Enquirer: 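Before we start, here is the structure in question, set down as structure tokens.
Bear in mind that the values here come from a model prediction, so they are computed numbers and not experimental data.
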Amino acid sequence: MEILKLNCACKEYLWGGNKLKKNFHKKFDGEILAETWELSCHKDGYSTIQNGAYKGKTLLEYITENKQSLGKNCERFEEFPILIKFIDSREPLSVQVHPDNQYALKREGQYGKTEMWYVLDCDKDSYLYYGFQKPVTKEEFKKAVEQGTLEQILNKIKVKKGDVFFIESKTIHAIGKGITIAEIQQNSNVTYRVYDYNRVGADGKKRELHIDKALEVTNTNFIGKKYRFGSHMVSCDVFDVGVISVIGEKILLNADDSSFHSLIVTDGKGKIFYNEKELEIQKGDSIFVSAGIGEYTISGTVTIIKTMIPEKMTYTVGVDIGGTTIKIGIVDKNNNIVLKKEYPTESGWKNVVTIITNAVESMLQEAGIPKQNCNSIGIGCPGTVDVQSGDVIYSNNLKWSHVTLKQEIEQKTNMKVYVENDANCAALGEVKAGFSEQYKNAVLNWHW
């Protein structure tokens with residue numbers, strides 16, 4: 001196996017510019033180069049190989065003949081899982097949304113799309129749209145589309161070089177003009193346009209909109225706040241992405257048998273050394289490192305986006321039973337909250353059990369998470385709790401006595417359940433994922 005340098009597939013869309021040719025060494029005869037597909041096994045644009053025994057063949061042909069090159073973490077996917085692009089927006093892209101897997105497989109016959117953006121460069125006043133300014137109803141969303149006021153309710157963010165945005169499926173978004181972006185996404189080309197500035201295509205007609213589908217899939221509660229992630233940028237079920245900066249000294253990496261490495265060179269130049277071979281790299285290059293190739297080093301002055309396929313994402317459901325509300329959240333293994341909801345606390349423990357079990361089922365379905373991917377349900381309950389049995393011995397808040405909470409919910413959900421005192425859960429959460437994570441010891445000061 002070799003480390004492969006890839007040729008991109010070029011896309012000439014009406015909103016594109018010429019920065020990818022000028023600044024990223026992309027060879028293209030057309031006047032407009034909107035996108036280059038740097039790592040692609042998608043039928044709409046394959047990456048091809050520049051070097052070695054497979055020179056001239058597509059990346060798909062290479063991995064078809066060398067399936068072990070993908071790594072064990074790819075075995076759960078039916079097809080190559082990701083697509084990586086450079087995007088140059090001379091003009092703004094349409095306001096759009098991508099469906100999740102469940103919806104896209106049913107309606108489009110392919111997977112949905114979660115993606116992330118890394119801002120490579122931008123003009124001084126460039127901005128993009130990322131979610132809504134505040135939660136809106138479907139009716140408010142539809143009205144804004146119909147009245148042409150959609151931009152007034154979107155979250156507008158002024159960007160700078162190095163910003164990172166994680167665009168989960170069902171998130172409304174748009175790249176503004178004057179921005180160059182590296183995009184890592186699921187291997188899908190499903191996009192629902194909501195608004196396109198009344199532009200016309202090469203045929204003189206306005207481009208197609210997909211408003212009905214967008215209204216069905218858009219998460220109208222998402223407020224775009226979380227971005228600028230740092231050197232380790234994003235980890236989700238499909239991709240794990242970080243930035244590598246090499247200045248002079250060699251950096252040692254290891255491509256074991258778990259996943260291939262995709263290296264996208266965003267700045268500078270250098271060399272890759274492996275198995276007594278070397279490969280020169282420069283800004284704009286896309287490199288495919290086969291899983292199992294082992295240790296390799298990078299030298300020079302160079303910045304690289306490294307993408308891998310992570311282990312299968314797992315989830316946990318957290319439940320906080322309060323005197324007035326029951327708060328339920330689905331959390332992934334990286335402590336990211338995927339979905340959260342609140343329900344009124346009804347009197348009687350049997351009613352509470354019904355609320356929790358029904359909510360867990362409906363929330364997993366809404367989030368598109370198979371139950372087998374969810375490890376357990378953790379419940380924080382006020383009062384005295386027998387942690388071993390999961391029984392609530394006594395709760396003054398809830399007026400409960402000797403409630404077999406763990407047993408009841410396990411029987412109804414067929415999932416592993418853990419029950420603890422709510423204050424202990426709060427302290428544990430703070431230590432595991434909050435401010436106290438950086439300290440060896442922590443004490444919770446509980447205020448009533």
Enquirer: Are T303 and D267 close enough that a side-chain donor and a side-chain acceptor fall under 3.5 Å?
Expert: no

Enquirer: Just verifying a value: how many Å separate I287 CD1 and Y296 OH, rounded to the nearest 0.5 Å?
Expert: 10.0 Å

Enquirer: Would K156 pass as a cation-pi partner of Y127, given that its NZ or CZ must be under 6.0 Å from the six-membered ring centre and within 45 degrees of the axis?
Expert: yes

Enquirer: Indicate whether any N or O donor in one side chain lies under 3.5 Å from an N or O acceptor in the other, for K85 and Q185.
Expert: yes

Enquirer: Applying the ring-ring contact (aromatic ring centres under 6.0 Å, His included) test to Y62, which of F80, Y54, F260 qualifies?
Expert: Y54

Enquirer: For N375 and K416, test the side chains for any donor-to-acceptor distance below 3.5 angstrom and give the result as yes or no.
Expert: no

Enquirer: Between the side chains of Q50 and N7, is a donor N or O closer than 3.5 angstrom to an acceptor N or O?
Expert: yes

Enquirer: Is there a side-chain contact between Q110 and S188, using heavy atoms and a 4.5 Å cut-off?
Expert: yes

Enquirer: Flag yes if more than 12 heavy atoms outside Y418 fall under 6.0 Å of its OH atom; otherwise flag no.
Expert: no

Enquirer: Is there a donor in the side chain of Y103 and an acceptor in the side chain of S169, or the other way round, less than 3.5 Å apart?
Expert: no

Enquirer: Taking atom types as modelled and ignoring hydrogens, do the side chains of D212 and Y192 form a donor-acceptor contact shorter than 3.5 angstrom?
Expert: no

Enquirer: Side-chain contact test, heavy atoms from C-beta onward, threshold under 4.5 Å: evaluate it for L6 versus T48 and give yes or no.
Expert: no

Enquirer: What about the rings of F132 and F141, do their centers lie closer together than 6.0 Å?
Expert: yes

Enquirer: Which is it for T220 and K138 under the side-chain contact (heavy atoms from CB on, under 4.5 Å) test, yes or no, and what are the steps along the way?
Expert: CA-CA 7 Å; T220 58; K138 293 286 186 180; 4.0 Å; yes

Enquirer: Would you confirm whether R193, through its side chain, and E208, through its main-chain N or O, come within 3.5 Å as a donor-acceptor pair?
Expert: yes

Enquirer: Inspect the surroundings of NZ in K283 and state if more than 12 heavy atoms from other residues, nucleotides or ligands are less than 6.0 Å away.
Expert: yes

Enquirer: Could you go through the salt bridge (Lys or Arg N to Asp or Glu O under 4.0 Å) check for D285 and K5 one step at a time?
Expert: CA-CA 7 Å; D285 283 347; K5 184 180 288 190; 3.4 Å; yes

Enquirer: Can you tell if the side chain of F86 reaches within under 4.5 Å of the side chain of L120, non-hydrogen atoms only?
Expert: yes

